[in-house]
Enquirer: 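Sending over a structure as structure tokens; questions will come in a sec.
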Amino acid sequence: MDIDLARTFVEVISARSLVRAAERLHITQAAVSMRIRSLEQQLGRKLLVRNKGGVTLTPEGRRFERYASTMVRIWEQARREVAMPPAYEAILRVGAQAGLWNRMLYRWLPWMRKAAPEIAIVAELGQPSVLMRYLAEGALDIAVAFMTEDRAGIVAEKLLEQELVLISSPDEAATPYDPNYVYVDWGEAFRLQHQQAFPEFNTPALHVGLGTLGFGHIMENGGSGYFPKRFAAPYLREGRVHIVPGTPSFNLPIYAVYPAGTESS
């Protein structure tokens, strides 16, 4: 299969529009349509349904979506490695959750570039489930995440634990039951601890999947939420936020995850 067909399919479902996909790929809409028809003919199944609102996936299209994304990602990986300049000996593909890039890996990148200048680095951002899939597919060498999934052939090594504390803006002493509470999704380990500590907690007024987004909202608009104590330390010293007294803290483990057999490679 021509990789351009898979890439075009991925762009169409991302844009949900043949027109926008054509703009992203810098080709005509007719060329996009022709590639999709060719892909459907090769697979012997209809993948997309065109309508006034754009395009939607057929059941067969939904099943093919993951394979198409994987093919494009593996092709790009192979292209980078084959075309690697002589100055580099290898490529290290590292993934992490957004909050961990902000607090840990931003500092690790310049250290790695200095310590091993012969290693090219590909950095990825994703949720734990996505990072685990990339590891299983061979698209990542190592990932750093707050939570992991048990998978055969994958090693999870705990790096450290972060203490999460309930912080609040100066004019509030809120709890998770208050309307200005911001629930930050730190992963399954946090959800379980949070549920045990606050059994009557139900649907938050604001649920965010990124810690920096939740913290920024509190700094701008007031409110409270659970955040790593080390991250909040400068703001605590300045008096811009405070730890809500009498509330529990939670331990959040951080893991380095990699395929088995790569420890010494």
Side-chain angles (χ1 to χ4, degrees), residues 62 66 95-106 124-136 143-151 154-257:
R62 284 194 293 272
R66 176 177 172 180
Q97 292 179 247
L100 292 175
W101 275 118
N102 292 344
R103 287 192 295 282
M104 293 177 60
L105 296 179
Y106 280 164
E124 299 283 356
L125 182 70
Q127 291 300 313
S129 59
V130 175
L131 297 175
M132 291 294 290
R133 189 174 79 242
Y134 286 1
L135 283 169
V144 180
F146 287 120
M147 57 179 286
T148 66
E149 302 171 8
D150 290 330
R151 291 200 184 196
I154 299 294
V155 177
E157 180 179 334
K158 187 162 77 171
L159 296 176
L160 52 90
E161 285 191 347
Q162 290 200 89
E163 182 185 11
L164 298 181
V165 294
L166 182 59
I167 70 164
S168 177
S169 50
D171 56 341
E172 296 191 36
T175 72
Y177 301 110
D178 293 307
N180 290 331
Y181 176 70
V182 178
Y183 180 87
V184 182
D185 187 357
W186 295 106
E188 184 64 21
F190 171 73
R191 284 196 291 271
L192 291 175
Q193 294 180 75
H194 193 279
Q195 185 177 13
Q196 291 174 357
F198 306 103
E200 297 180 5
F201 180 80
N202 194 0
T203 302
L206 180 58
H207 181 296
V208 299
L210 183 61
T212 51
L213 175 61
F215 193 83
H217 175 84
I218 290 173
M219 296 300 295
E220 184 70 24
N221 304 287
S224 63
Y226 270 94
F227 298 93
K229 188 175 182 179
R230 289 180 59 186
F231 169 76
Y235 304 91
L236 291 167
R237 288 194 296 267
E238 295 170 3
R240 300 175 67 185
V241 294
H242 67 272
I243 297 176
V244 180
T247 55
S249 62
F250 306 128
N251 290 324
L252 189 65
I254 299 172
Y255 297 92
V257 192

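If you read the sequence from its start, that first residue is 1, and numbering goes on from there.
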Enquirer: Got a second to check how far Ile218's CD1 is from Leu206's CG, nearest 0.5 Å?
Expert: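 Output value for this atom pair is 8.5 Å.
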Enquirer: Tyr183 vs His207 aromatic rings, parallel, tilted or perpendicular, using cut-offs 30° and 60°?
Expert: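 Tyr183 and His207: tilted rings.
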Enquirer: Hey, what do you get for OG1 (Thr247) to CZ (Phe198), rounding to the nearest 0.5 Å?
Expert: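 Those atoms lie 6.5 Å apart.
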Enquirer: Taking Gln193 for the side chain and Asn251 for the main chain, is one N or O donor matched with an acceptor at less than 3.5 Å?
Expert: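 Yes; at least one donor-acceptor contact below 3.5 Å.
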Enquirer: Between Ala156 and Tyr255, what is the shortest heavy-atom contact and its length?
Expert: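 Taking every non-hydrogen atom into account, CB-CD2, 4.2 Å.
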Enquirer: With heavy-atom distances below 4.5 Å as the criterion, would you say the side chains of Lys229 and Ile243 are in contact?
Expert: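 Yes. Closest side-chain heavy atoms under 4.5 Å.
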Enquirer: What are the two closest non-hydrogen atoms of Pro228 and Leu164, and how far apart are they?
Expert: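 That would be N-CD2, 3.3 Å.
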Enquirer: Give a yes or no on this: more than 12 heavy atoms of other residues, nucleotides or ligands lie within 6.0 Å of atom CD of Glu161.
Expert: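 Atom CD in Glu161 is crowded, with more than 12 foreign heavy atoms closer than 6.0 Å.
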Enquirer: Distance from Leu125 atom CG to Gln97 atom CD, nearest 0.5 Å?
Expert: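 So the gap between those two atoms works out to 9.0 Å.
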Enquirer: Output the distance between atom CZ (Phe250) and atom CG (Leu166), rounded to the nearest 0.5 Å.
Expert: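 CG of Leu166 is found 8.5 Å from CZ of Phe250.
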Enquirer: Classify the angle between the aromatic ring planes of His194 and Phe201 as parallel (below 30°), tilted (30 to 60°) or perpendicular (above 60°).
Expert: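 His194 vs Phe201 ring planes: perpendicular.
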Enquirer: Mind checking whether Val208 and His217 have side chains closer than 4.5 Å, heavy atoms only?
Expert: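 Heavy-atom side-chain distance check fails, nothing below 4.5 Å.
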Enquirer: Is Phe215 close to Val184 at the side-chain level, that is, under 4.5 Å between some pair of heavy atoms?
Expert: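 Not in contact.
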Enquirer: May I ask you to test the Tyr235-Met219 pair for a side-chain heavy-atom distance under 4.5 Å?
Expert: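 Heavy-atom side-chain distance check passes, below 4.5 Å.
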Enquirer: If you count the non-hydrogen atoms of other residues, nucleotides and ligands that lie under 6.0 Å from CD in Glu238, is the total more than 12?
Expert: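 For Glu238, atom CD is crowded (more than 12 foreign heavy atoms under 6.0 Å).
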Enquirer: To the nearest 0.5 Å, how far apart are CG in Leu160 and CD1 in Ile254?
Expert: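 Answer rounded to 0.5 Å: 4.5 Å.
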Enquirer: Would you check if Pro248 and Tyr226 make a side-chain contact, meaning some heavy-atom pair closer than 4.5 Å?
Expert: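 In contact.
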Enquirer: Ser169 side chain to Gly223 main-chain N or O, any donor-acceptor pair under 3.5 Å?
Expert: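 Such a contact is found between Ser169 side chain and Gly223 backbone.
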Enquirer: Taking side chain as C-beta onward, heavy atoms only, is Leu135 less than 4.5 Å from Ile154?
Expert: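 They are in side-chain contact.
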Enquirer: Let's go through Leu236 and Val241 carefully: what are the C-alpha distance in whole Å and the side-chain angles of both, what is the deciding distance for side chain to side chain contact (heavy atoms under 4.5 Å, CB included) to 0.1 Å, and is it a yes or a no?
Expert: CA-CA 5 Å; Leu236 291 167; Val241 294; 3.8 Å; yes
Enquirer: Quick check: closest heavy atoms across Val244 and Ser168, and the distance to 0.1 Å?
Expert: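 In this case the closest contact between Val244 and Ser168 is CG2-CB, 3.7 Å.
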Enquirer: Looking only at heavy atoms, which two atoms of Tyr181 and Pro176 are closest? And how far apart?
Expert: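 Taking Tyr181 first and Pro176 second, the nearest heavy atoms are CG-CA, 3.4 Å.
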Enquirer: Shortest non-hydrogen contact from Pro170 to Gly239?
Expert: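 Pro170 and Gly239 have their closest heavy atoms at CG-O, 3.6 Å.
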